[in-house]
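Below, all heavy atoms of this structure are taken into account, side chains as well, without hydrogens, waters or symmetry copies. Note that the structure is a prediction, hence the values are computed from the model and not measured.
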Number of protein chains: 2
Amino acid sequence: MATGRNHRPATSRSRGIPDATVARLPLYLRALTALSERSVPTVSSEELASAAGVNSAKLRKDFSYLGSYGTRGVGYDVEYLVYQISRELGLTQDWPVVIVGIGNLGAALANYGGFASRGFRVAALIDADPAMAGKPVAGIAVQHSDELERVIEENGVSIGVIATPAASAQPVADRLVAAGVTSILNFAPTVLSVPEGVDVRKVDLSIELQILAFHEQRKSGELPDDGRAVPGTDIGEDAGGGVTGSPVAPPAASVTKRTASAAPAATDRRGDEPGNDGDLPAVMPA
Amino acid sequence: MATGRNHRPATSRSRGIPDATVARLPLYLRALTALSERSVPTVSSEELASAAGVNSAKLRKDFSYLGSYGTRGVGYDVEYLVYQISRELGLTQDWPVVIVGIGNLGAALANYGGFASRGFRVAALIDADPAMAGKPVAGIAVQHSDELERVIEENGVSIGVIATPAASAQPVADRLVAAGVTSILNFAPTVLSVPEGVDVRKVDLSIELQILAFHEQRKSGELPDDGRAVPGTDIGEDAGGGVTGSPVAPPAASVTKRTASAAPAATDRRGDEPGNDGDLPAVMPA
DNA sequence: GGATGTGAAGATCTTCACAGCA
DNA sequence: TGCTGTGAAGATCTTCACATCC
């Protein structure tokens, strides 16, 4: 391993900075900003790591990808690091953003204070409902969908946020992309297909909750039951089709092995960027 | 390597199912549910993978951790898989959930259709604002914070969702945990510290946007400027303290190397479960 | 003395490619 | 023949442990 010295992880990805590291930079930045506001001049990797919730080794490794911004025996200069990370993340420039779908979620996003303070500027709020047009949300007048393309072009928007119902997500994404947007943050529970070169990140509550349920499940007892097609006879052959209600009935099917090992109580959390979804209700009205 | 045969990845984590796999199960479930509604009887790993946005090898590997639920030469039985994944995720049981902080975000969550249809049941909506008490949101009357403990105990709630401003998040988390909640989905941009055994997952818009900005940045040009403390003289020594506005001024500091390599245009998305935050405005009013 | 920076070892996760079964 | 199931190889990410430098 190690393609020689200076083996830098990261796929062929962006620059040489590993994705995992990029995902943590915002965390560090947040912790550093807090320290900066308290006028703390320097921090050790230990302290900062603690504030950011990671371990110090990881933090130092992450920073090493950015360069040598610390001082041995001392620590890191808070102000300087804030600047470097901001620059690395591209937050030193202005990013006009459009939010499409101004329902509860869209409104929540529009009101999100973390935007303005980090280089993001809400350039426009778009909604398909004519009744919403003109209404002020977070101090900005909502505009009708018809204005989408114009707004994007006039403001040079490259980042779009989709907070519409699932059904509208793909059409909206298509329009965003056609108008020039190259990065999309999708809150709708749908798999968006976009052309090469367009980045899509997704936030999905349903998935997060399901992951929590998974872990929660094995805290108490084991799985509800192996659920395997019962050997003898017992199930009343449910194999219907409706898969809507909460509890799902165990349909019979081709089963083979399915090893039911003892499950050691576990506690851990993990998040990830799966990639998409399938179809589901919406987070909120458009 | 391979600790023998049947080497199963996954840390010491839950059962033997890798976290990465658990994080994708909800995606598969969603895609399968859609197929189920269209009464599709079986799917090949290829088709399902496509619908879920992953590659087929990964999907087959993921399913292999659950057992052998497919039929060679045929594919997977949709209904059966829906059931198995639901069971594995713990969705065959009822999960009462409390949502704390009924602002725009909290309301959006309460209205989220994905809850009920997946075993999750909103047991109560809690808000600190007395004016909110009694108001119906998503058909449920909001209750005052004072009711929190009672509601949790009476309903056997083990999953709590925090949608309050950052400042209230930790106190709320403490109360949730004290009352018996062991899994928390946190939308507030703060690092929550909870006792061992309590799971915390976080959803952070600010972070997602920043990651997008990072990638967006290197689509166009390179970094705005190396930003390194200018060798000669040029910067007006900014090292002030305010780190609030969007563009951050480059403070001088101890710099050492910082290799500015050429950055190949990249396009990729990645999400992750960092672990926490530091401090920031709030997503919405409580 | 003290904390950073980092090669190397481990642990996971992903992808390949093909044996094996319906 | 077709597609699943999976050992093995790769690619990443994390953690260790210590040389290095203020």
Next item on the list: Round to the nearest Å and state the distance from A:Leu59 atom CG to C:dG5 atom P.
Entry: 10 Å

Check: Is the distance from OP1 or OP2 of D:dC13 to the nearest side-chain N or O of A:Tyr65 less than 4.0 Å?
Finding: no

Item checked: Residue mapping more 5' on DNA chain D - nearest nucleotide basis, A:Arg60 or A:Gly73 -> A:Arg60

Next item on the list: Please name all residues satisfying ring-ring contact (aromatic ring centres under 6.0 Å, His included) with A:Phe63, sequence neighbours left out, ordered by chain then number.
Entry: A:Tyr28, A:Tyr76

Next item on the list: Choose from D:dT6, D:dC22, C:dT6 the nucleotide whose nearest atom is closest to any side-chain atom of B:Lys61.
Entry: D:dT6

Notebook entry, point to check: Counting just side-chain N and O atoms, does B:Ser45 come under 4.0 Å of either OP1 or OP2 of D:dC3?
Noted result: no

Next item on the list: Let me know the distance between CG of B:Leu48 and C1' of D:dT4, rounded to the nearest Å.
Entry: 13 Å

Check: Rounded to whole angstroms, how far apart are CG on A:Asp62 and C1' on D:dT15?
Finding: 12 Å

Margin query: So if I take every side-chain heavy atom of B:Lys58 and compare against C:dT14, D:dG2, D:dT14, which nucleotide ends up nearest?
Written below: C:dT14

Next item on the list: Look up atom CD in B:Glu88 and atom CG in B:Leu29, then write down how far apart they are to the nearest 0.5 Å.
Entry: 12.0 Å

Notebook entry, point to check: Is any side-chain N or O of B:Asn55 closer than 4.0 Å to OP1 or OP2 of C:dT15?
Noted result: yes

Item checked: Side chain of B:Asp19 - closest among C:dC16, C:dC13, C:dC21 -> C:dC13

Next item on the list: Let me know the distance between CZ of B:Arg72 and P of D:dT6, rounded to the nearest Å.
Entry: 7 Å

Check: Reckon B:Phe63 touches a base, only the sugar-phosphate, or nothing at all at heavy-atom distances under 4.0 Å?
Finding: nothing

Margin query: Between C1' on D:dG5 and CG on B:Leu81, what's the gap in Å once rounded to a whole number?
Written below: 14 Å

Next item on the list: Kindly check if the number of other-residue, nucleotide or ligand heavy atoms within 6.0 Å of CD (A:Gln170) is above 12?
Entry: yes

Note to self: Whole angstroms only, please: what is the CD-P distance between B:Glu46 and D:dG2?
What the structure shows: 14 Å

Note to self: With a 4.0 Å cutoff (strictly under), does any side-chain N or O of B:Ser44 reach OP1 or OP2 of D:dC3?
What the structure shows: no

Notebook entry, point to check: C:dG2 P sits how many Å from A:Tyr76 OH, rounded?
Noted result: 18 Å

Next item on the list: Give the nucleotide from the list D:dT14, D:dC3, D:dT6 with an atom nearest to the side chain of A:Ala20.
Entry: D:dT14

Item checked: A:Lys219 versus B:Ser183, closest heavy-atom pair with distance -> NZ-OG, 3.4 Å

